[in-house]
Protein chains: 2
Amino acid sequence: MPIVSSKTAPATGFDRHNHRRCIQHGVRFATHACEQAGLQLTPARQRVLEILLSEHRAIGAYDILDRLREDGFNSQPPVAYRALDFLVQYGFAHKIERLNAFVACSMPEIQHAPAFLICRVCSVVAETHPELNRGALGKTARDAGFVMEQCVVEVEGVCPNCR
Amino acid sequence: MPIVSSKTAPATGFDRHNHRRCIQHGVRFATHACEQAGLQLTPARQRVLEILLSEHRAIGAYDILDRLREDGFNSQPPVAYRALDFLVQYGFAHKIERLNAFVACSMPEIQHAPAFLICRVCSVVAETHPELNRGALGKTARDAGFVMEQCVVEVEGVCPNCR
DNA sequence: GCGTAGATGTTATACTATATCATCTATGAA
DNA sequence: TTCATAGATGATATAGTATAACATCTACGC
């Protein structure tokens with residue numbers, strides 16, 4: 001019998017894991033998806049994705065910019081923001097509004113509205129997909145006649161590793 | 001038989017209503033609550049609350065600052081941010097992270113974790129309290145061993161009046 | 001009188017994000 | 001080939017959001 005119910009989505013990011021696979025998988029997936037869709041995963045875009053994939057934490061645009069500079073990329077703000085806009089637009093990354101920062105998507109193969117669990121101690125950000133439409137909030141919205149389009153769900157708290 | 005189920009919280013803000021009451025009630029409640037708690041609802045704080053209560057929309061700190069200036073208040077940024085920090089800290093207002101802006105709390109008498117329905121057409125922000133702990137997201141967090149402390153839930157879409 | 005805590009005044013600065021216009025390159029149509 | 005177009009990048013400037021830091025004031029209790 002599984003400890004985690006199969007009816008709710010798990011949160012990915014807190015468990016210890018071979019992180020190189022996250023990076024490899026993320027880049028490989030984006031490469032294929034862009035080829036399929038006729039999108040250009042240019043060097044700057046790929047590098048920003050790699051930077052984001054390098055940790056399960058939210059990274060600010062200006063930190064990304066610093067790392068691009070180290071790698072010899074042009075380092076004016078639009079460089080980072082353009083790459084981030086691209087990655088967010090096509091679902092390879094997400095913005096954490098609460099932190100004004102960005103994370104790589106940890107489940108790009110699944111079409112989903114993300115939700116985030118943010119540890120205030122270690123800053124790790126785990127991602128899940130709660131399908132809020134189905135819960136109380138979805139019912140409230142329907143009852144009110146409100147059509148949900150974009151959802152921001154960001155929960156701050158303490159992760160299992162920091163308790 | 002009620003159209004809206006009593007099991008889920010309604011969204012307040014989209015329905016037409018006598019808005020003067022929102023302002024009166026909000027200020028009166030805050031006045032009493034501050035007296036009870038030994039907090040100072042100073043002129044600047046009360047004025048910012050009134051400004052926020054003047055519409056069910058999110059207002060940016062610098063717009064608030066402009067209105068304070070018109071009213072003869074000191075208009076340096078810290079004036080607005082300090083008042084907003086106070087109002088947010090004690091639950092009289094909320095920050096909408098997605099918009100970098102603030103709204104008056106529409107149910108200050110209820111201890112709650114708020115969720116917002118934001119109309120992208122008319123910018124009206126309705127507030128509700130979904131108790132996410134009870135739904136799928138709460139289960140995901142518990143299964144992951146994550147302790148939820150602060151929730152940001154902001155849904156963008158189209159309100160009943162704009163459809 | 002004196003210390004303290006909370007509030008405000010004041011100046012400066014940090015952090016986040018976008019506008020704008022020029023340039024380059026690949027592609028496909030005329 | 002030439003041209004037009006779309007997408008990407010280069011480069012400069014600026015807009016928008018938020019806080020640090022330190023001085024001052026005021027009310028209160030001791």
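Here is the naming used below: chain letters follow the sequence lines, and residue numbers restart at 1 for every chain. Owing to the predicted nature of the structure, the values given are computational and were not obtained by experimental measurement.
The nucleotide range of DNA chain D contacted by chain B, defined by atoms under 4.0 angstrom from heavy atoms of the protein and reported 5' to 3', is D:dT17 to D:dA21.
Side-chain contact between A:P43 and A:F73: present, with at least one pair of heavy atoms (C-beta onward) separated by less than 4.5 Å. Put simply, the side chain of B:H112 reaches to within 4.5 Å of the side chain of B:C105, judged on heavy atoms. A 4.5 Å side-chain heavy-atom check between A:H94 and A:F116 finds at least one atom pair inside the cut-off.
Put simply, CZ on B:R98 is 12 Å from P on C:dA17, counting in whole angstrom units. Regarding A:L99, its CG atom lies at a distance of 11 Å from the P atom of C:dA17, rounded to whole Å. In this structure, CG of B:L41 is placed 11 Å from P of C:dA7, rounded to the nearest angstrom. Rounding to whole angstrom units, NZ of residue A:K95 and C1' of C:dC15 are separated by 12 Å. The interatomic distance linking B:N100 (CG) with C:dC15 (P) rounds to 16 Å, in whole Å.
For CD of A:Q150, the number of neighbouring non-hydrogen atoms (other residues, nucleotides, ligands) closer than 6.0 Å is 12 at most. Residue A:H19 qualifies as enclosed at atom NE2: its count of foreign heavy atoms under 6.0 Å is above 12. Around the NE2 atom of A:H17, the shell of radius 6.0 Å holds more than 12 heavy atoms that belong to other residues, nucleotides or ligands.
Between the side chain of B:R134 and the backbone N or O of A:A136, no donor-acceptor pair lies under 3.5 Å. Looking at B:H56, its side chain never comes within 3.5 Å of a backbone N or O of B:A104 through a donor-acceptor pair.
Of all heavy-atom pairs between B:G60 and B:A101, the closest is N-CB, 3.8 Å.
Note that SG of A:C122 is 5.5 Å distant from CZ of A:R57, once rounded to the nearest 0.5 Å.
Against DNA chain D, the stretch residues 71-82 of chain A makes heavy-atom approaches under 4.0 Å through A:N74, A:Q76, A:P78, A:R82. Heavy-atom distances under 4.0 Å link DNA chain D to no residue of residues 61-70 of chain A.
Of the charged side-chain nitrogens involved, none lies within less than 4.0 Å of a carboxylate oxygen, so that B:D63 and B:R67 do not count as a salt-bridged pair.
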